[in-house]
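Here the structure is laid out as structure tokens; the discussion comes afterwards.
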There are 2 protein chains.
Amino acid sequence: MLNYIFVFQPTQYQIKNFRMNHTVNPHVSVDCVIFGFDNERLNVLLIERTAGDTPAAVQYALPGDLVWEDESLDNAASRVLKELTNLEGIYLKQFKAFGNPNRVNDFKDLDWLQSYRQQPQARVITIGYYAFIRMDELHPEASSFAEKVFWRDIHEVPLLGFDHNEIVDEAIEVLRNDFDSNKIGFELLPDKFTLSQLQTLYESILDRKLDKRNFRKKVLKESIVVPLDEKQKGVLHKPAQLFELNQ
Amino acid sequence: MLNYIFVFQPTQYQIKNFRMNHTVNPHVSVDCVIFGFDNERLNVLLIERTAGDTPAAVQYALPGDLVWEDESLDNAASRVLKELTNLEGIYLKQFKAFGNPNRVNDFKDLDWLQSYRQQPQARVITIGYYAFIRMDELHPEASSFAEKVFWRDIHEVPLLGFDHNEIVDEAIEVLRNDFDSNKIGFELLPDKFTLSQLQTLYESILDRKLDKRNFRKKVLKESIVVPLDEKQKGVLHKPAQLFELNQ
DNA sequence: AAACTTAGTGTACCTATTACACTAATTGCA
DNA sequence: TGCAATTAGTGTAATAGGTACACTAAGTTT
């Protein structure tokens with residue numbers, strides 16, 4: 001390796017998780033973009049963090065943290081999500097790595113992060129993950145690290161810390177692509193649902209109106225769903241047929 | 001950060017590129033999957049490295065190396081490719097991050113790598129990039145780091161070091177997906193080409209035969225290509241009309 | 001029983017995809 | 001010079017898929 005020499009660094013620490021004895025990789029983090037559907041709108045899960053001591057320094061962000069040395073990236077994403085929001089058992093899909101050198105500046109103001117990195121001037125490369133859940137099934141809860149956890153309509157995402165707005169935007173794009181090619185399932189729907197609910201889901205992800213008859217024709221022809229012997233109850237209009245996923 | 005404590009590490013070095021004075025991120029690398037087309041088959045670019053002193057320890061791998069602290073991931077991919085194969089000016093697209101903890105074992109035998117990492121036991125997370133080029137236009141050359149650089153048919157990729165076979169397989173899958181959705185251009189073709197050449201390209205990427213008439217109908221209708229006032233010369237059969245890309 | 005609300009249904013047109021076989025133009029060689 | 005070899009180039013019919021469009025049905029509330 002002709003190009004490289006070694007330079008002594010006077011103070012160096014290894015970061016360990018004191019409960020579990022895990023060494024942290026100070027250069028690699030994961031960030032999770034969790035999409036939630038409430039049968040009407042598509043939302044994204046955000047956390048609120050106070051950066052530093054000033055009470056004004058409230059910052060919104062995606063749930064994310066550094067990766068441990070002895071876990072896979074996929075694992076890190078699940079663990080971090082659980083730690084920050086108490087959500088578990090969700091399938092998280094990797095969609096992109098973010099790592100332009102400006103990330104260093106974005107992280108500069110975060111004392112807690114600076115303090116536990118070996119090279120504070122170095123950037124953190126982050127691997128973006130996304131998932132879908134039903135908002136009425138799983139209930140995120142803030143941990144000690146995140147002061148607050150909340151849902152926000154994807155059309156109304158506030159200014160986020162770091163480069164998290166970019167990460168959200170990329171995730172939405174990937175989500176639409178995956179949806180177009182039938183790559184995502186129906187984690188976003190209840191077990192029994194009406195075709196109108198299914199159509200609303202499609203419309204909120206694709207962000208456009210679909211024709212009711214054509215939509216029904218398609219999902220029935222492709223056997224995406226099967227009808228149940230059951231109807232909607234307690235609605236103030238004609239009750240709809242309930243369906244479930246095929247297989 | 002309640003969970004973390006700091007543990008002193010007795011010997012720590014920072015790795016610097018002595019010519020350019022860049023600090024290396026010891027945890028993050030990039031690997032490039034370069035697809036090349038010779039008007040007949042789709043190939044992938046590999047390098048040959050001797051790992052350690054034993055002459056038998058010849059290892060095939062993708063061109064890849066660690067990322068510098070002050071460059072973007074995209075940049076690192078271009079730089080590393082240039083350093084190892086002398087290829088430049090190629091559009092590289094990120095497609096996936098690889099980081100399961102087993103990567104540590106895969107790297108264990110590589111002395112040169114071990115020696116310049118801060119935590120030799122730690123895994124390297126790698127970001128995969130891919131690109132397409134025409135094999136007759138750009139000619140890769142081995143640098144001092146790579147003893148040899150060579151093309152190999154994608155159906156005949158040998159056993160590679162690290163988890164590089166997995167990376168190649170994933171890249172091929174992404175390539176096919178991108179191609180299906182018209183997301184890749186025609187970096188793989190000469191400026192002037194015949195429709196048969198174009199069809200051969202499609203066939204080698206999609207890995208199946210296409211109908212000649214239907215293929216022509218389609219590319220002409222969609223105005224992907226425009227005919228030139230020029231015909232093929234020096235072939236021992238009916239010369240074909242030459243085409244170029246639209247716009 | 002009338003008003004309100006959402007469920008549920010069919011047809012006609014247009015576009016895209018597939019399957020399929022022969023003639024045309026050039027070169028090299030007998 | 002004409003024949004063999006080779007690849008270029010062309011059209012049609014059938015099927016599948018996508019789009020546009022408007023009314024009746026079944027409940028609930030007042």
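Order of the sequence lines fixes the chain letters, A, B, ..., with proteins taken first and strands second; residue numbering starts at 1 for each chain.
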In this structure, how many angstroms lie between the C1' atom of C:dT15 and the NZ atom of B:Lys218, rounded? 12 Å

Heavy-atom distance under 4.5 Å between the side chains of A:Val33 and A:Val44, does that happen here? yes

Mind checking what makes side chain to side chain contact (heavy atoms under 4.5 Å, CB included) contact with A:Glu166, not counting sequence neighbours? A:Phe98, A:Asp163, A:Glu170

Only one of B:Asp169, B:Leu159, B:Leu62, B:Leu46 forms a side chain to side chain contact (heavy atoms under 4.5 Å, CB included) with B:His164, so which one is it? B:Leu62

Base, sugar-phosphate alone, or nothing: which one does A:Gln241 contact when heavy atoms must sit under 4.0 Å apart? sugar-phosphate

Contact residues, residues 208-217 of chain B to DNA chain D [heavy atom, < 4.0 Å]: B:Lys212, B:Arg213, B:Arg216, B:Lys217

Between A:Lys221 and B:Ser196, which residue's closest nucleotide on DNA chain D lies nearer the 5′ terminus? B:Ser196

For A:Asn43, which residues count as a side chain to side chain contact (heavy atoms under 4.5 Å, CB included) partner, sequence neighbours excluded? A:Asp38, A:Arg41, A:Met135, A:Trp151, A:Asp153

Tell me, please, which residues at least two apart from A:Glu230 pass side chain to side chain contact (heavy atoms under 4.5 Å, CB included). A:Lys192, A:Leu228, A:Leu242

For DNA chain D, note the earliest and the latest nucleotide, 5' to 3', having some atom under 4.0 Å of a heavy atom belonging to chain B. D:dT6 to D:dT12

B:Phe37 versus B:Thr200: any side-chain heavy-atom pair under 4.5 Å? yes

In whole angstroms, the gap separating C1' of C:dT17 from CG of B:Leu206 amounts to 15 Å

Need to verify one output field. Residue with the more 5' nearest nucleotide on DNA chain D, A:Gly234 or B:Lys231? B:Lys231

All ring-ring contact (aromatic ring centres under 6.0 Å, His included) counterparts of B:Phe243, not counting sequence neighbours: none

Check for a donor-acceptor pair, side chain of A:Ser204 on one end and backbone N or O of A:Leu201 on the other, with a separation under 3.5 Å. yes

Starting at the 5' end of DNA chain C, which residue's closest nucleotide do you reach first, A:Leu220 or B:Leu236? A:Leu220

